[in-house]
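For reference, the structure discussed in these notes is given below.
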Amino acid sequence: MDLVEESPYRFRIDRRDPMRVPGVVYASPALLPDAGSDKSLEQVANVATLPGIVGASYAMPDVHWGYGFPIGGVAATDVAAGGVVSPGGVGFDISCGVRLLTADLDRAALRPRLDALMDGLGESTPRGMGRGAVWHLGDRAELDAVLRGGSRYAVERGFGVPRDLDRCEDRGAVHDADPAQVSARAIERGAGQVGSLGSGNHFLEVQAVEEVYDESVAAAFGLRAGQVCVMIHCGSRGLGHQICTDHVRVMEGVMPGYGIDVPDRQLACAPVTSPQGRAYLAAMAAAANYARANRQLLAHAARQVFARVVGCDLDLVYDVSHNLAKIEEHRVDGTPRRLCVHRKGATRALPPGHPDLPEDLRPVGQPVLIPGSMGTASYVLTGVPDAPAWASTCHGAGRVRSRTQASRAVRGHDPRRELAARDVAVRGASRRGLAEEMPEAYKDVTAVVAVAEGAGLCAKVARLVPLGVVKG
DNA sequence: ATGTTC
């Protein structure tokens, strides 16, 4: 893959047939994926062939190999110009994302109660593979209400407060979700998992604000140095996974009929305005709402534990997805266009002044929540004016070792003890689960964030460090 | 990421 270094944090993959646009990789030389073991830059070039793509096929600094699209990939297609939507551009964990809550409590005051708090959170957070959930749904009609209403429905049913919705992307629910586009199998997989963490890199962490980089933005977000926070990272569980599987299969079948030829089967797609494109977006929206309700319910469970153990409430800073396709208006060559923006392992980062931000956040921009690898640090960023890549930035540290490689690498180590040595209390998680998530398996989140900021994609607001983690 | 292979 020929990369042209355009500036310190920006590399270009020149357009060559059948690419329709160039590739743009935001990275430093040290963060570029290893071409021997990671095909993500070839995937950036493949994405550039999608019908209707505009601008460039973008890669964020945490890019790595994924299904069809790279994880850390951003691509927008022009809806009115035959632009396509591709399930592989969203990924299997639809609307996987992060929510951050703050406690009116400083880390020093929590210290004597941390073990009790972690015990409580460990008990009240359903996690791991398979079933177990905060909410046991009455019937299919209630699950449909979750799929249509997301966090909004969860709050209506008492799992949260109305203010939470002001601090959720899309005010807690994506429009145009249609449960009728969700297969019986997806429903079956999702019914018993509403309000559950899952496994892999998903977690619920108690953190402390270690450093503030921008006092005024941090204050607008409700963050101060030393403050205790809760970060929840999870997605749409088996339901989103099944929806992706179902719709990839449909699109594989209809692509030839639309005259679409892609260099990789995993880039199965259909025009946004086609029946199959619309069906996918309606099902994807349902999964997105499921994921948001999921985070709302886990936050509710955490609030109950905080109230009981330390006697304080949790305020929502923000809830944002990092795996989603959205229809958004952006200027292309100076003209406003309706685009289908795919963000896969990438975070929307609205600039200050954007009309979709709640009034109190509008002067400072959208909070962007970046979970680091286990036991390291997480970041809060904000959107910046005139950001490239359709107002998108990185989403996390980015894996550099496969799960198998990571598992092999910790042979002879005790991951739980090593985390304890870093002063991080762990609840849940199998030895193998921890092994796969050790920081050595990931890029350095601090380097990723520095490049994202250096490239003009976002600005740093605060760094958070873990005190305790609940894992699947 | 995932009832870790329909």
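Below, chains carry the letters A, B, ... as their sequence lines are ordered, and counting in each starts from 1. Remember, it's a predicted structure, so these values are computed and weren't measured experimentally.
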Does the ring centre of A:Phe92 sit less than 6.0 Å away from the ring centre of A:Tyr67? yes
Whether over 12 other heavy atoms sit under 6.0 Å from A:Arg338 CZ: no
Would you mind classifying the nucleic acid contact of A:Gln193 as base, sugar-phosphate or nothing, using non-hydrogen atoms under 4.0 angstrom? sugar-phosphate
Under 4.0 Å from OP1 or OP2 of B:dT4: is there any side-chain N or O of A:Ser199 that close? no
In whole angstroms, the gap separating P of B:dT4 from CZ of A:Arg399 amounts to 18 Å
Could you tell me whether the side chain of A:Asn289 reaches within less than 4.5 Å of the side chain of A:Val146, counting heavy atoms only? no
Do A:Ser95 and A:Arg295 have side-chain heavy atoms sitting under 4.5 Å apart? yes
Spacing of A:Arg189 atom CZ relative to B:dC6 atom P, expressed in whole Å: 9 Å
Using a heavy-atom cut-off of 4.0 Å across all strands, would you classify A:Gly235 as base, sugar-phosphate, or nothing? nothing
How many whole angstroms separate atom CD of A:Gln242 from atom P of B:dC6? 9 Å
Please report, rounded to the nearest Å, how far the P atom of B:dT2 is from the CZ atom of A:Arg403. 8 Å
Could you give the CZ-to-P distance, from A:Arg185 to B:dT5, as a whole number of Å? 14 Å
Within this structure, what is the CE-to-P distance between A:Met129 and B:dT2, rounded to whole angstrom? 7 Å
Enumerate the residues from residues 279-293 of chain A whose closest heavy atom to DNA chain B is under 4.0 Å, giving them by residue number; use none for an empty result. none
Once you measure the plane-to-plane angle for A:His395 and A:His64, does it fall in the parallel (<30°), tilted (30-60°) or perpendicular (>60°) bin? parallel
Strictly by modelled atom types, are A:Glu42 and A:Asn46 linked by a side-chain donor-acceptor pair under 3.5 Å? no
So, A:Gln181 versus A:Arg278: side-chain donor-acceptor pair below 3.5 Å or not? no
Length of the OH-P vector between A:Tyr67 and B:dT4, whole Å: 17 Å
Nearest-nucleotide comparison on DNA chain B, the residue closer to the 5′ end among A:Arg432 and A:Glu437: A:Glu437
Send over the distance from A:Leu239 CG to B:dT2 P, rounded to a whole Å. 12 Å
A:Arg237 vs B:dT2: side-chain N/O to OP1/OP2 distance below 4.0 Å: yes
